[in-house]
Structures are given as C-alpha cells and as structure tokens.
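All chains are named by letter (A, B, ...) in the order of the sequence lines, taking the proteins before the strands, and each is independently numbered beginning at 1.
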There are 2 protein chains.
Amino acid sequence: MLKEDYPEGYQSLFAVFNAIHPLSDELKSAIVNHSHVVNIKRKTTLLNAGESSNTIYFIVSGGARVYYLDNDGKQTNTWFLFEQELLISVYGFFTGQPSFEYIETLEDSVLIAVKREKLDEMYLQFMEFNFIGRKLTEYYYIRNEIQANELRMLSAKERYETLLKRSPQLFQRVSLGHIASYLGISQETLSRIRK
Amino acid sequence: MLKEDYPEGYQSLFAVFNAIHPLSDELKSAIVNHSHVVNIKRKTTLLNAGESSNTIYFIVSGGARVYYLDNDGKQTNTWFLFEQELLISVYGFFTGQPSFEYIETLEDSVLIAVKREKLDEMYLQFMEFNFIGRKLTEYYYIRNEIQANELRMLSAKERYETLLKRSPQLFQRVSLGHIASYLGISQETLSRIRK
DNA sequence: TTATTTTTTTGACTTTTATCAAAAGTCAAA
DNA sequence: TTTGACTTTTGATAAAAGTCAAAAAAATAA
C-alpha cells in the first residue's frame with residue numbers, strides 16, 4: 001500500500017505513533033481496518049455521563065472538552081484537547097465503569113474513532129503496539145499530574161498566569177467561562193484576576 | 001529454575017505482574033537480574049527534589065509517601081504507597097526531568113529496585129512486558145485521576161469522609177498531619193472536621 | 001518511670017474565593 | 001440595526017478553609 005493510499009487523516013495519526021515506535025505496515029493496516037473517520041459538528045456530545053465509554057478518538061482537526069457536573073449541576077471542565085491529541089474519558093475508558101464525565105466538541109471536528117474491543121484486539125495481536133500505548137498513557141498521565149499539582153500548589157491567580165504562559169492559543173479557541181472552570185475558579189474571579 | 005529459587009520478595013512482584021499477563025521464565029529471570037532487593041529504615045529519603053528520579057520500586061513490605069514542598073516550604077503529600085504497589089515520582093521518572101517531589105519511607109520497608117535504563121532495556125527486549133507496563137500505568141493513572149477529581153469536586157469534609165470509607169487502614173498507618181496534607185486541608189481543619 | 005519529642009486539638013482572627021444579582025459588552029442572524 | 005443569546009465584568013456579601021499561637025494528649029526514648 002502506498003503512503004498516499006491511507007484514508008485522509010491517518011497520516012497525522014501515524015506520524016504521532018511512529019515518533020514513539022516504528023509502525024509496521026501490518027499494524028498500520030490493522031489500525032485503518034479497526035477504526036473509522038467521523039465528521040462531527042461543534043457542540044456535539046460524544047459521551048454522556050452514565051454511559052459506557054467504549055471509544056477512543058484521535059483528533060485529526062478540531063477540538064473537544066471533557067467535563068463533569070458537580071453536586072449543584074455546574075459543569076467543570078477537566079480537559080481541552082485539539083489536533084493530534086487523543087480524546088477519551090480516562091476513567092470510563094480504562095475501567096469500563098459508567099462514565100461520570102461528558103465529552104463535547106468545541107469546534108467542527110474530524111476524528112478517528114476506535115472501539116475499545118478493537119483496540120484490545122490490536123494490543124494482543126501486535127505486542128509492540130503496547131509500547132506505543134504505554135508511552136502515550138505515560139504522556140497523558142504526566143499532563144494530568146501536572147494539572148492536578150497546579151490545582152493544589154498554585155493560587156487562582158498563579159494558575160491563570162501559568163496557563164496563559166503555557167497555552168496562550170487556548171484563550172483564542174475557548175471561552176473564558178470554560179477556562180475558569182478548567183482552572184477551578186469561578187468566572188467572576190477569573191474576570192477580576194485578568195484586570 | 002524452581003519457583004522457590006527466586007530471591008525473597010519476587011513472588012509478590014511476579015504475582016502482581018502475572019495477574020496482568022503471563023510472565024515467561026526468561027522475563028522473570030531478566031527482572032531478577034536487572035533489579036535488587038533493598039532493606040530501608042523508616043523515615044529514609046529515597047528521592048530528593050532536584051535529583052533525577054531514575055529508580056522504580058516495588059514495595060514488598062512497608063510503605064512510603066511522595067510529597068513536595070510548596071512556596072512556603074510546607075510539605076504536601078501526594079501519595080501513600082504500601083505492599084504490592086509501585087513507588088515512583090511519576091513526573092520525574094517518566095520525563096527524566098529533575099524531580100520536584102520527595103520520596104520517604106513511612107515504615108521499615110523491603111523494596112525491589114529497578115533502574116530506569118534496565119527497565120527500558122526490558123521493555124525493548126520483551127515486547128509483552130509493555131502490555132504489563134501499559135496496564136500498570138493505566139491503573140495508577142486512574143488512581144491519580146480519582147484523587148485529582150476528588151480534590152476538585154468535594155469539600156474538605158467530603159474528601160475526609162470518602163478517604164475514611166475507602167481506606168480506613170490508612171488511618172492506622174499514617175499520622176493525621178500527613179493525611180491532612182494529602183487531602184489538601186490544614187491539620188487544624190482536619191481536626192475540626194473529625195469532631 | 002520520667003523526660004522529651006511529636007502529634008493533635010482548640011480558640012481567635014484573616015484570607016481567599018464563591019455566590020448572587022445586575023449591568024455591560026459581543027456576536028450573529030434576521 | 002435591531003433582536004436575542006451568550007459572554008464578560010462589576011459590586012456587595014457570605015462561606016470555607018487557612019494562619020498563628022498555645023494548650024493538651026500521645027508516643028518514644030532514656
């Protein structure tokens with residue numbers, strides 16, 4: 001199969017995976033055969049709380065947020081994810097338990113979707129795929145850990161400044177209300193901090 | 001090699017790994033040859049902030065805590081780990097960056113220590129070892145995620161009640177001061193909550 | 001046992017951030 | 001260019017949890 005023959009979007013996914021561990025042609029084919037490309041409008045819910053989270057998405061273009069509802073029914077964002085990133089509700093996908101999180105697109109998006117059972121098949125058939133899976137899990141784990149530590153260690157103002165410095169583009173793509181909830185502060189407090 | 005011939009402590013480690021994916025004798029031997037057993041007194045520092053975190057420990061017996069110092073020099077515990085659990089500073093070990101965390105034993109402990117380069121060798125030599133590594137990374141990731149979400153979603157009192165219900169034994173082995181910092185509340189507030 | 005260190009509790013006060021209510025600004029479409 | 005739906009800002013007040021200082025209790029060592 002020629003490079004150009006893989007369906008649109010897969011080059012981006014293969015590039016990410018290949019940078020971690022070389023992908024054999026067999027594995028590439030298996031990935032194509034065990035997944036499908038989907039086009040999703042913005043503000044579409046991909047996962048509801050209570051549902052089983054059995055799909056992992058690779059974002060070819062666009063972006064999404066992961067959030068949960070707190071006791072008072074208020075949304076709290078835990079992740080914003082964009083091109084070349086993986087999109088799941090970690091807890092639901094890894095444990096198989098019903099999700100407490102929601103996933104919603106922030107923009108019109110092109111995603112590559114893989115069902116968990118297909119992914120598990122590939123993990124068993126291609127042991128080297130576990131090398132990639134392990135590295136990616138470590139990568140997102142670290143991101144999660146950094147975020148969790150910042151929520152602990154830093155004041156509201158410091159969290160805002162850290163995020164602004166690290167991800168200035170985020171402020172172009174996501175509303176301040178969403179960012180406030182991601183930073184664990186009320187929208188009003190964020191507004192005051194920004195002055 | 002007979003089962004009984006593996007050095008003391010490894011049966012416990014093999015049992016944990018084997019429950020995830022069958023371990024070949026070759027892999028078992030490699031693990032024994034690439035690690036060593038260490039006896040550590042309580043309150044011993046295994047890792048200091050600023051150092052490179054290049055060792056992963058399996059706890060055969062005993063326990064340890066992972067903590068960092070905040071701006072004011074106050075210790076904040078992020079993990080308590082005991083028998084049959086893995087002990088690392090996640091950020092430092094996975095990124096290779098200098099650690100911002102400290103690791104200290106809570107009790108006299110027996111640990112199996114593996115250097116990162118030895119671990120990486122085994123990951124390359126035994127691709128099925130990545131299956132185990134991936135699953136373990138997922139498992140600790142989920143624990144981290146649950147903890148981070150509880151810090152976000154729950155009030156100080158709710159966090160205390162959740163921990164007390166889930167890990168009552170923890171309160172037998174760890175001081176309230178340590179637990180308060182783990183829960184992200186001051187010792188005084190924890191004391192008031194407990195009344 | 002007694003002394004010493006460490007841990008836990010209590011009281012008074014402060015700080016940070018949330019909440020509620022309302023005004024102002026922005027954007028897109030009719 | 002006006003309507004309507006969000007989004008962001010502002011002001012006043014409240015709640016949650018922190019800080020500081022000191023006492024009390026418990027654990028450990030001499």
Side-chain angles (χ1 to χ4, degrees), chain A residues 41-45 63 65 67-77 80 104-108 147-164 168 170-195, chain B residues 41-45 62-63 65 67-77 80 104-108 147-164 168-195:
Chain A
K41 283 269 164 231
R42 88 187 272 263
K43 294 206 178 186
T44 303
T45 297
R65 67 189 178 108
Y67 68 94
Y68 64 81
L69 299 184
D70 70 11
N71 295 327
D72 316 323
K74 208 186 59 199
Q75 296 186 359
T76 300
N77 297 307
F80 300 118
E104 187 190 82
T105 49
L106 291 163
E107 310 171 355
D108 293 353
Q147 189 196 327
N149 279 328
E150 286 177 357
L151 277 172
R152 275 184 169 241
M153 311 182 62
L154 304 183
S155 67
K157 189 177 180 187
E158 290 169 324
R159 296 203 294 277
Y160 166 71
E161 286 165 351
T162 303
L163 185 67
L164 184 60
L170 192 65
F171 291 75
Q172 257 64 64
R173 295 177 84 168
V174 175
S175 76
L176 289 174
H178 280 330
I179 287 176
S181 113
Y182 176 77
L183 290 173
I185 57 187
S186 70
Q187 175 155 196
E188 294 92 327
T189 298
L190 178 58
S191 177
R192 289 179 178 113
I193 286 170
R194 280 165 61 83
K195 282 199 314 193
Chain B
K41 283 269 163 234
R42 89 187 272 261
K43 295 206 177 185
T44 303
T45 298
R65 67 189 177 106
Y67 68 94
Y68 64 81
L69 299 185
D70 70 12
N71 294 328
D72 316 322
K74 210 186 57 200
Q75 297 186 358
T76 299
N77 297 306
F80 300 118
E104 187 190 81
T105 48
L106 291 162
E107 309 171 354
D108 293 352
Q147 189 198 327
N149 279 328
E150 286 177 358
L151 277 172
R152 273 185 172 244
M153 312 180 62
L154 305 181
S155 67
K157 189 177 180 186
E158 290 169 325
R159 296 202 295 276
Y160 166 70
E161 287 165 351
T162 303
L163 185 66
L164 184 60
Q169 359 63 262
L170 193 64
F171 291 77
Q172 257 64 64
R173 295 178 83 168
V174 175
S175 76
L176 290 174
H178 280 331
I179 287 176
S181 110
Y182 177 78
L183 290 171
I185 57 188
S186 70
Q187 175 155 197
E188 295 93 326
T189 298
L190 177 59
S191 177
R192 289 178 178 114
I193 286 171
R194 280 164 62 84
K195 283 199 315 192

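With sequence neighbours excluded, the residues that form a side-chain contact (heavy atoms from CB on, under 4.5 Å) with B/Arg173 are B/Phe82, B/Glu83, B/Glu107. Evaluation of the side-chain contact (heavy atoms from CB on, under 4.5 Å) rule for B/Thr162 yields B/Glu150, B/Leu154, B/Arg166 as partners, not counting sequence neighbours. Listed by chain and number, the residues in a side chain to side chain donor-acceptor pair (under 3.5 Å) with B/Gln187 amount to none (sequence neighbours excluded). By the side-chain contact (heavy atoms from CB on, under 4.5 Å) test, B/Lys74 is found to be paired with B/Asp70, residues two or more places apart in sequence or in another chain being considered. Every residue two or more places apart in sequence or in another chain was checked for a side chain to side chain donor-acceptor pair (under 3.5 Å) with A/Asn149, and none qualifies. Every side-chain contact (heavy atoms from CB on, under 4.5 Å) that B/Thr44 has, sequence neighbours left out, goes to B/Ile40, B/Lys41, B/Thr105.
When all heavy atoms are compared, the tightest approach of B/Ala148 to A/Ala148 is CB-CB, 3.7 Å. Closest approach of B/Phe171 and B/Leu176 over heavy atoms only: CD2-CD2, 4.1 Å.
The shortest side-chain heavy-atom distance between A/Thr76 and B/Arg152 falls under the 4.5 Å cut-off. Contact annotation: the side chain of B/Ile193 approaches that of B/Ile185 to within less than 4.5 Å [non-hydrogen atoms, C-beta and beyond]. Residues B/Tyr182 and B/Leu163 meet the side-chain proximity criterion, which asks for heavy atoms closer than 4.5 Å. Using a 4.5 Å cut-off on side-chain heavy atoms (C-beta onward), A/Val174 and A/Arg65 make no contact.
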Could you list the protein-to-nucleotides 26-30 of chain C atom pairs, N/O on both sides, closer than 3.5 Å?
none

Can you pull every protein N or O that's under 3.5 Å from an N or O on nucleotides 13-18 of chain C?
residue	atom	partner	partner atom	Å
C/dT17	OP1	A/Ala156	N	3.1
C/dA18	OP1	A/Gly184	O	3.4
C/dA18	OP1	A/Ser186	N	3.4
C/dA18	OP2	A/Ser186	N	3.1
C/dA18	OP2	A/Ser186	OG	3.3
C/dA18	OP2	A/Thr189	OG1	2.8

Which atom pairs link the protein and nucleotides 4-8 of chain C when you take only N or O atoms and keep those under 3.5 Å?
residue	atom	partner	partner atom	Å
C/dT8	OP1	B/Leu176	N	3.1
C/dT8	OP2	B/Leu176	N	3.0
C/dT8	OP2	B/Gly177	N	3.0

If you restrict it to nitrogen or oxygen atoms, what contacts under 3.5 Å exist between nucleotides 22-25 of chain D and the protein, and what is each distance?
none

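Under the salt bridge (charged side-chain N to carboxylate O under 4.0 Å, His left out) criterion, no residue pair touches residues 174-185 of chain B, with sequence neighbours excluded.
In this structure, B/Arg42 atom CZ and D/dA27 atom P are separated by 13 Å, rounded to whole Å. Here the P atom of nucleotide D/dT8 and the CG atom of A/Leu183 are 13 Å apart, to the nearest Å.
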Inset, instruction - Might you work through the side-chain contact (heavy atoms from CB on, under 4.5 Å) test for A/His178 and A/Leu106, ending with a clear yes or no? - result: CA-CA 10 Å; A/His178 280 330; A/Leu106 291 163; 4.1 Å; yes
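For B/Lys195 and C/dT10, the shortest distance from a side-chain N or O to OP1 or OP2 is below 4.0 Å.
Applying the side-chain hydrogen bond (donor to acceptor under 3.5 Å, both in side chains) test between B/Ser155 and each of B/Glu158, B/Arg159, B/Lys157 identifies B/Glu158 as the sole match.
Between its opening and closing five pairs, the helix from C/dT1-D/dA30 to C/dA30-D/dT1 changes axis direction by 40°, a value rounded to 10 degrees.
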